[in-house]
Amino acid sequence: MRSQTNTDRLRNATRDIHSRLESTEYAAAVMNGTIGIEPYVGYLRVLAVLHGTLESALVGVFHPVTKNVWKDELRRSRELAQDLDYFRMRLIPDAPAAIRTALDTAAELRRLSVDNPVALVGAIYVLYGSSKGAAVIRSRLNSNCGVNSSRGASYFTRHGGEGTREWQETSHRIDSSEIDESGIEAAIETAKLVLQCVHDAFLASHPVDHSALRYTATTLSPDSGDHPVPQDPAVLRVVLHTTDRVLTDYPYILYRYGDRGRRFTDADGGWLVTLPELGEASMAGQLDWLRTVLSSRGVPHILVARHLQLLADELSSTAYDRAYLPLLSGAAERIYRSVDERVPPELRMQQQSVLYRSLGPGSGDPRGDMRCRETAELIASAVVDRDLGVEDAVDAVVGCLADRNRSSDTWVDSVLDTVRVFQTS
Ligand code: HEM
């Protein structure tokens with residue numbers, strides 16, 4: 001008798017959960033064309049959390065089996081993000097229990113990527129084996145919630161289309177890998193965990209309990225984990241609008257981080273407007289913490305100042321508590337002041353001119369002025385952040401601003417000159 005392949009074992013072990021998943025009211029509603037927009041988007045968010053976590057965890061995994069099974073072209077985060085961006089302005093709230101199970105499962109995947117990376121083969125099995133069901137779901141989507149490949153359904157278009165071929169190839173790699181008994185058992189446990197997560201998310205999402213729906217950090221960005229966000233949609237609309245203004249003032253964010261930078265700015269904005277509820281002292285503590293997190297990743301604190309200032313300006317037209325507005329603008333002021341004291345505005349202007357000259361007369365960059373102002377401010381703020389203990393703040397921002405692969409040597413030299421001038425000022 002033919003012995004069982006690795007995927008046979010995974011399939012047999014998860015058959016029961018899959019049958020329960022297919023018998024949920026969620027699955028029935030997908031099949032008969034009555035699933036609503038909240039459960040549909042909710043599922044995309046659950047998948048975005050799981051895929052985002054798995055894909056970034058796999059970058060650091062060197063286990064031979066997991067490395068052999070995983071291929072970068074299997075990534076799905078891009079399609080999921082594109083679909084969620086399509087729904088951005090509609091501010092569709094979440095079923096919190098669905099998001100909770102996704103975040104808990106994501107935390108376990110992160111743990112496994114360090115403690116027992118072969119177990120991640122189980123997550124790959126579920127998330128890519130699901131292309132068989134996705135082919136069925138894809139054919140029902142138009143009748144469901146009016147989405148199509150370019151409008152909110154690029155994930156299902158890919159996953160239920162070429163995804164089925166990719167799954168065949170992936171399943172061959174899983175079957176040709178030599179996985180010892182403890183490895184396959186770990187993979188089975190992970191497959192059950194992920195499938196159970198999706199099952200529980202289905203139960204939590206449909207039928208929709210409108211009274212339980214809430215905005216979460218995942219509503220704004222699936223990569224932002226769990227933090228408070230406001231519940232008033234008018235305030236959230238201002239948060240999204242403010243993100244667009246911050247990105248207009250500082251194109252660096254999009255230049256460096258792409259659309260992911262916009263999503264993070266949305267989620268950060270949601271969090272920032274909740275901070276005044278903590279009171280001034282705790283708010284200041286949280287902002288100091290944010291400085292260390294963001295500045296070491298290339299986002300100097302002056303960007304947070306601009307964000308806070310614009311939020312304070314824009315929120316005055318909403319029902320947001322007026323007493324909180326001065327706390328937002330006051331926090332922005334303190335950050336600006338710390339930069340001005342360390343690197344005075346005149347010195348920044350002087351270096352801005354040096355930077356401008358380095359663009360050259362024929363640079364043809366219509367946004368040259370803005371680029372030079374932004375660069376001088378980011379470097380000045382990073383210098384302050386470093387003084388305040390964020391050791392790699394300057395390197396983190398200069399690595400991108402002075403990249404010889406993306407900018408001319410003259411530009412890079414004047415960026416480095418600006419760093420020297422500000423550091424010694
Ligand atoms: C309406 C919901 C769904 C339907 C109708 C559905 C349908 C199917 C079908 C027809 C198969 C092929 C069975 C076979 O070849 O014997 C399948 C397999 C599978 N589905 Fe689903 N599915 C659904 C949801 C999901 C979800 C949400 C996931 C996980 C995210 C999932 C994961 C899997 C896996 C892992 C397999 C097995 C792949 C393999 O072993 O080759 N399914 N599904």
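Order of appearance sets the numbers: ligands from 1, and atoms from 1 within every ligand. Model, not experiment: these values are computed from the prediction. Atom set for the values below is all heavy atoms of this structure, side chains included, hydrogens, waters and symmetry mates excluded.
With Glu166 as the fixed residue, the salt bridge (Lys or Arg N to Asp or Glu O under 4.0 Å) test singles out one of Arg158, Lys71, Arg75: Arg158.
A cation-pi contact, defined as under 6.0 Å to the ring centre and within 45° of the axis, links Arg406 to Tyr255. A cation-pi geometry, defined here as NZ or CZ lying under 6.0 Å from the six-membered ring centre and within 45° of its normal, holds between Arg373 and Tyr250. In this structure, Arg371 forms a cation-pi arrangement with Trp411, its terminal cationic atom sitting closer than 6.0 Å to the ring centre and no more than 45° off the ring axis.
Counting heavy atoms from C-beta outward, Gln286 and Leu278 have side chains that approach closer than 4.5 Å. The shortest distance between side-chain heavy atoms of Arg263 and Asp85 falls below 4.5 Å. Inter-residue side-chain proximity for Ile188 and Tyr125 is flagged as unmet; no heavy-atom pair is nearer than 4.5 Å.
The protein heavy-atom contact nearest to atom 37 (C) of ligand 1 is Tyr125 OH, 3.4 Å. What sits closest to atom 2 (C) of ligand 1 on the protein, heavy atoms only, is Ile137 CD1, 4.0 Å. Counting only heavy atoms of the protein, atom 10 (C) of ligand 1 lies nearest to Val136 CG2, 4.7 Å.
Side chain to side chain, Ser130 and His159 meet the donor-acceptor criterion of an N or O pair below 3.5 Å. Judged purely by distance below 3.5 Å, without hydrogens or angles, the side chains of Arg306 and Gln309 pair a donor atom with an acceptor atom. Using modelled atom types and a 3.5 Å distance limit, the side chains of Arg15 and Asn12 yield a donor-acceptor pair.
For ligand 1, the atoms sitting less than 4.0 Å from at least one non-hydrogen atom of Leu195 are 28 (C), 29 (C), numbered in the order shown with element in parentheses. Close approach to Ala27 involves these atoms of ligand 1, each under 4.0 Å from a residue heavy atom: 1 (C).
The shortest non-hydrogen separation linking Asp266 to Val239 is O-CG1, 3.5 Å.
For Arg11, a nitrogen or oxygen atom sits less than 3.5 Å from a nitrogen or oxygen atom of ligand 1, counting backbone and side chain alike.
Listed by chain and number, the protein atoms of type N/O/S under 2.8 Å from atom 21 (Fe) of ligand 1 are His18 NE2; waters are omitted.
Ligand 1 has Tyr43 within reach: a non-hydrogen atom of the residue lies less than 4.0 Å from it. Using a 4.0 angstrom heavy-atom cutoff, Trp167 counts as in contact with ligand 1.
In this structure, atom 8 (C) of ligand 1 has a protein heavy-atom contact shorter than 4.0 Å. Taking a distance limit of 4.0 Å, we find that atom 16 (O) of ligand 1 is approached by no protein heavy atom.
Residue-level proximity to ligand 1 for Val198 is carried by the side chain, the only part with a heavy atom below 4.0 angstrom.
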